[in-house]
Amino acid sequence: MNLQERIADVERRIHEACARSGRQREDVNLIAVTKYVTLATTRHVLELGLQHIGENRWQDAKPKWEELGSLGTWHFIGHLQTNKVKDVIGKFAYIHSLDRLSLATELQKKAESLDMTVRCFLQVNVSGEESKYGLDPQELIEFVRSIKGLDRLQIIGLMTMAPFEAEPEATRPVFRGLREWRDRLNEEAILPYPLTELSMGMSNDFEVAIEEGATWIRLGSVLVGHE
Ligand SMILES: *Cc1c(COP(=O)(O)O)cnc(C)c1O
């Protein structure tokens with residue numbers, strides 16, 4: 001399949017997952033993860049009408065952002081080192097990987113100096129895999145209390161990565177768990193606004209994530225391929 005065919009095929013699968021779970025297509029936002037592909041392919045993705053671009057390392061994203069930055073909306077989805085905040089802030093409209101206090105305070109500081117706010121997802125390690133970044137779900141409520149005063153951060157929702165499973169259905173408890181934690185946080189009402197978003201679902205498991213309430217899915221290989 002070429003790029004256009006892959007996009008059409010993914011669209012069909014998103015529609016079907018929405019239909020199965022009684023959701024509207026427009027409630028699921030698609031992020032094209034371009035970390036495996038070149039600048040030329042990233043340009044092609046934007047030309048074909050996809051708006052949201054996800055990258056997980058600033059070094060790799062930089063040449064693409066410098067060339068194509070104004071043509072799309074950029075999402076930082078990878079682990080973010082505190083000393084890289086200055087590079088990504090103002091360029092990436094969404095940070096999906098806020099997972100510690102030192103990062104939150106650095107984001108606040110840099111956002112203040114630019115007189116802006118940053119939209120963030122809190123990354124949660126729902127599965128408990130040691131190899132994964134993210135907050136332990138048990139720490140989540142305490143963490144939100146600790147960043148409550150950081151007024152330049154707009155915490156729009158939660159993000160997780162499920163372990164790779166040969167049978168995607170096996171990821172369902174992870175996605176359901178993230179949704180339940182979001183609802184729980186909203187019941188606690190620590191922040192003056194509700195968390196509405198769930199960033200979850202990748203190439204292997206996005207249909208299950210949609211069925212469990214994903215509002216942002218992050219697709220690399222299945223959508224834009226590898227180069
Ligand atoms: C690479 C990556 C993706 C996309 O991975 P695919 O399995 O290729 O769809 C999504 N989210 C994060 C955080 C990633 O690093």
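All ligand and atom numbering here is 1-based and tracks the order in the structure. What you see below is based on every heavy atom in this structure, not just the backbone, and it leaves out hydrogens, waters and symmetry mates.
Residues T160 and V124 approach most closely at OG1-O, 2.6 Å, considering heavy atoms. Contact detail for T73 and A93: the closest heavy-atom pair is CG2-CB, 3.7 Å.
Heavy atoms of N56 found under 4.0 angstrom from ligand 1 belong exclusively to the side chain. Here H96 has no heavy atoms under 4.0 Å from ligand 1, in either its backbone or its side chain.
Here the heavy atom of the protein found nearest to atom 5 (O) of ligand 1 is M202 CE, 3.5 Å. Considering only non-hydrogen protein atoms, atom 12 (C) of ligand 1 sits nearest to I77 CD1, 3.5 Å. Ranking the protein heavy atoms by distance from atom 11 (N) of ligand 1 puts R218 NE, 2.9 Å first. Distance from atom 2 (C) of ligand 1 to its nearest protein heavy atom, with residue and atom name: K35 NZ, 2.5 Å.
Using a non-hydrogen distance threshold of 4.0 Å, F206 does not register as a contact of ligand 1. Using a 4.0 angstrom heavy-atom cutoff, V222 does not count as in contact with ligand 1.
Salt bridge status for K110 with E106: present, with a side-chain N to carboxylate O gap under 4.0 Å. D87 has no carboxylate O lying under 4.0 Å from a charged side-chain N of K84, or vice versa, which leaves the two without a salt bridge. A salt bridge between D115 and R152 is present, with a side-chain N of the basic residue lying under 4.0 Å from a carboxylate O of the acidic one. Salt bridge status for R12 with E16: present, with a side-chain N to carboxylate O gap under 4.0 Å.
Atom numbering of ligand 1 starts at 1 in the shown order; those under 4.0 Å from a heavy atom of S221 are 6 (P), 7 (O), 8 (O), 9 (O). Of all the atoms in ligand 1, the ones that sit under 4.0 Å from a non-hydrogen atom of L219 are 9 (O). Below 4.0 Å from some heavy atom of Y36 lie the following atoms of ligand 1, by number and element: 1 (C), 8 (O).
When S203, S97, S199 are checked for heavy-atom proximity to atom 7 (O) of ligand 1, S203 turns out nearest.
Side-chain contact annotation: E55 with T34, donor-acceptor N/O pair under 3.5 Å present.
Between W216 and H75, the ring-plane angle classifies as tilted under the 30° and 60° cut-offs.
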